[in-house]
2 protein chains.
Amino acid sequence: MATMHDVARRARVSVSTVSYVLTGTRPISEATRTRVLEAMAELGYQPNAMARGLASRRSRIVGLLMPMDERGLGATETAFVTGAAAAASAAGYHLVLSPVGAADPDVVRRLATQGMFDGVVLMEVQVDDGRVAALQEAGLPLVLIGRTGDTTGLSYVDIDFEQTVHEAVDHLVGLGHRRIVYVNHSASAIAAGYGPAVRTRDAFVAAMARHRLEPVMIASEDSAAGGRAALSAAVAQVPDLTAVLAMNESAIFGILGELAVRGRAVPGDVSVVSMVTSPQVAELVHPALTALTSPGAALGRIAMEALLRQLEGAAGQNHQQLLPCVLEIRGSTGPAAPPVGGAGGGAEPAGADPPDR
Amino acid sequence: MATMHDVARRARVSVSTVSYVLTGTRPISEATRTRVLEAMAELGYQPNAMARGLASRRSRIVGLLMPMDERGLGATETAFVTGAAAAASAAGYHLVLSPVGAADPDVVRRLATQGMFDGVVLMEVQVDDGRVAALQEAGLPLVLIGRTGDTTGLSYVDIDFEQTVHEAVDHLVGLGHRRIVYVNHSASAIAAGYGPAVRTRDAFVAAMARHRLEPVMIASEDSAAGGRAALSAAVAQVPDLTAVLAMNESAIFGILGELAVRGRAVPGDVSVVSMVTSPQVAELVHPALTALTSPGAALGRIAMEALLRQLEGAAGQNHQQLLPCVLEIRGSTGPAAPPVGGAGGGAEPAGADPPDR
DNA sequence: CTGAAAGCGCTAACAA
DNA sequence: TTGTTAGCGCTTTCAG
């Protein structure tokens, strides 16, 4: 490993000159610059990251802090990670993945004071999240994916759940649906103050109220089995429901499976909308799911870019941004079945509706 | 940020003593040790990661190098990442996620010579992968997830594709199936020497030969649409097929969808086995998929542990390990339909099968 | 068992 | 436009 001294000697300049052509923090004559550059190339020189970090107090490492439970990451969270990683990499930063549960702010505090991170992106933020305070106390530049309850003085990027729910409900109501059930995340997630679960719940109530409809919400475990149970509960509570709204990539398949088992055709008898879903997942089933596609990788990228801007430029403004999910109509939604009618549309030419386009 | 000097002063010892209680590289009397520890606690001291790295030439950072194309990661790859991250974190190492295409060994070389990584895990290894050579030249401890063609002198952890395919084929043959079609990854992946695709292809040919059956393989794009096309191609080539073997988490849903559209019941008419699949995915559909469950997170964890052992202990042995996928029989496989029989099982109790449409 | 001091490879004053 | 040099905070000889 060639060092800066080697380069300096070979280019017949001082180390500081070499350093300055590297950092560009002071003017260098074209002649010496090229001499230095040549020397570097000839020696295959690469600046030592640790030495740089120590001397400059900037590691060029950013952290991505995320809880990683046994279940692993869903498609949406994975997209955040890859988006953030790509953005960091593109800007010449390294991205450290740190598994840190929302429950242990102490681990976060330790990480923050080690001087390894120039800044961090915090994922899966809870409405009341101790990690945020720990990070702020450490004075570490910070961007959230998700939001705490009080966001004053914080930078965040999040999905616009309110708008997403409203759009979903409007779509269904526009098709004539009135008995719509919302399948949310688990009761424990809601109780824990998991933002997406809490915000969609509230938005659903509001959206239904706007249409003077009664909001029925069912909590569901994040699994196919949970989805089946949820659908059963939904039908028990609203036997003549015509539409299911869900925000649970894992449960959605159980919901569809249970509908099939019960002989309720999609979308003939029941329309299904999946919120915060990736197109890949939506296309997995037949008919493909009408969905509100999550911004996915874009969210991770935007969060990372906001953080890097904060690191490069002088701190300054907070970046607060909500990204909408975009409605993509596929085959799983259709006009509501006529209010009375026999149970099930068995007589309809089932093959007739040409779902996906 | 308190430094070591502060701690030393407060504990009335020299900096070196503080350092030694931290690293444990030389005996310290119990008395001074506790004095130092107290001083640290009182000051909330955390050793500076960069300074440590510079002085010790060990960053305690390991890299996870992976290609990250637009599509993002599948469930299996995500599991590798989380497994590796957890293992690194548990051992007190930081894990840097670096997106590095198989196509740019130069980027790898640059990363390797920056002195940021104590070692790296390389994912999605191609049979002929320039990154491996780049890493070896840089003298960086290295563990692969996947394998190159020639593995002498290399450490790797990989799925035992040969065994996996044999087990899958044996399962189907044991159920009486003889016309089995294998749906592999895309033709371009196979051509590029993507290990899983190449190895399963060869293993499938061998497994079928062992049973004196003709191996028919169809290449499929990694998408639901690709799966539909693949199933169509399969039926075109083997109209009376009774079983489909697939190793393509994305295509499998298209395959199932197309089977449903063609009125072929699963498993009544056609049995389906999905290889290298996570249980979550297998449970997504109805009937749930008989699958060879991939070791997932375990693979990432084992690879990382092998790397860390290499870093801690004196280099030494290569770790070469193949992990089996375990056969989990669910609802998508059953006895082969009788060799002649009418087209389709129209007379069967239709309620039994899942027609999700 | 403990201290003093020489770096690790770089950045950034300070000085020319 | 360039050189000299004092650190950055720690590890690790070398001495006691």
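Numbered from 1 within each chain, the chains take letters A, B, ... in sequence-line order.
Phosphate proximity of dT2(D) to T17(A): absent, as no side-chain N or O sits under 4.0 Å from OP1 or OP2. Proximity of T32(A) to the phosphate of dT2(D): a side-chain N or O atom is located under 4.0 Å from OP1 or OP2.
Side-chain contact of S16(A) with S19(A): a donor-acceptor pair under 3.5 Å is absent, judged by distance alone. For the residue pair Q317(A) / H319(A), no side-chain donor-acceptor distance below 3.5 Å is found, with atom types taken as modelled.
A salt bridge (charged side-chain N to carboxylate O under 4.0 Å, His left out) check over residues 80-89 of chain A, counting only residues at least two apart or in different chains, returns nothing. Residues in residues 14-41 of chain A take part in no salt bridge (charged side-chain N to carboxylate O under 4.0 Å, His left out) pair, two or more places apart or across chains. The salt bridge (charged side-chain N to carboxylate O under 4.0 Å, His left out) contacts involving residues 105-125 of chain B comprise D106(B)-R109(B), R109(B)-E137(B), where partners must be two or more places apart or lie in separate chains. Residue pairs meeting the salt bridge (charged side-chain N to carboxylate O under 4.0 Å, His left out) criterion with at least one member in residues 1-19 of chain A, sequence neighbours excluded, are D6(A)-R9(A), R10(A)-E42(A).
Distance NE2 (H5(A)) to P (dT4(D)): 10 Å, rounded to an integer number of Å. Protein atom CZ of R35(A) is 11 Å distant from nucleotide atom C1' of dT2(D), rounded to whole Å.
Y194(A) is linked by a ring pair (Phe, Tyr, Trp, His ring centres under 6.0 Å) to H185(A), counting only residues two or more places apart in sequence or in another chain. Take Q46(B) and apply the side-chain hydrogen bond (donor to acceptor under 3.5 Å, both in side chains) test, not counting sequence neighbours, and it matches no residue. Listed by chain and number, the residues in a side-chain hydrogen bond (donor to acceptor under 3.5 Å, both in side chains) with S29(B) are T32(B) (sequence neighbours excluded).
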Any chance you could lay out the side chain to side chain contact (heavy atoms under 4.5 Å, CB included) test for L111(B) and H94(A), step after step, and finish with the verdict?
CA-CA 10 Å; L111(B) 281 177; H94(A) 293 276; 3.4 Å; yes
Assess the residue pair V18(B) and V13(B) against the criterion (side chain to side chain contact (heavy atoms under 4.5 Å, CB included)); give the C-alpha distance rounded to whole Å, side-chain angles, the decisive distance to 0.1 Å, and a yes or no.
CA-CA 7 Å; V18(B) 176; V13(B) 295; 3.8 Å; yes
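For V7(A) against M40(A), the heavy-atom pair with the smallest separation is CG1-CG, 3.7 Å.
At the heavy-atom level, S19(B) lies under 4.0 Å from base atoms of the strands shown. The residue T25(B) sits apart from the nucleic acid: no heavy atom pair falls under 4.0 Å. The residue V13(B) sits close only to the backbone: its heavy atoms come under 4.0 Å of sugar-phosphate atoms, none of a base. Contact annotation for T3(B): backbone-only contact, meaning every heavy-atom pair under 4.0 Å involves sugar-phosphate atoms and none involves a base. No engagement by L22(A) is indicated, since no non-hydrogen atom pair under 4.0 Å with the nucleic acid exists.
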Could you list the donor-acceptor pairs under 3.5 angstrom formed by side chains in residues 51-58 of chain A, with sequence neighbours left out?
| unit_1 | atom_1 | unit_2 | atom_2 | d |
| --- | --- | --- | --- | --- |
| S56(A) | OG | R52(A) | O | 2.6 |
| S56(A) | OG | R58(A) | N | 3.3 |
| S56(A) | OG | R58(A) | O | 3.4 |
| R58(A) | NH2 | Y93(A) | OH | 3.4 |
| R58(A) | NH2 | L311(A) | O | 3.4 |

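Side-chain atoms of S294(A) do not come within 3.5 Å of backbone N or O of T76(A) as any donor-acceptor pair.
The 5' end of DNA chain C is approached more closely, in terms of each residue's nearest nucleotide, by S29(B) than by the other of S29(B) and M4(A).
Put simply, chain B comes within 4.0 Å of DNA chain C, heavy atom to any atom, from dC1(C) to dG9(C), going 5' to 3'.
The rotation axes computed at either terminus of the helix from dC1(C)-dG16(D) to dA16(C)-dT1(D) lie 40° apart, taking five pairs at each end and rounding to 10 degrees.
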For nucleotides 14-16 of chain D, tabulate all protein N/O to nucleotide N/O atom pairs closer than 3.5 Å, reporting atom names and distance.
none

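Across residues 49-60 of chain B, A51(B), R52(B), A55(B), S56(B) each have a non-hydrogen atom less than 4.0 Å from an atom of DNA chain D (numbered order).
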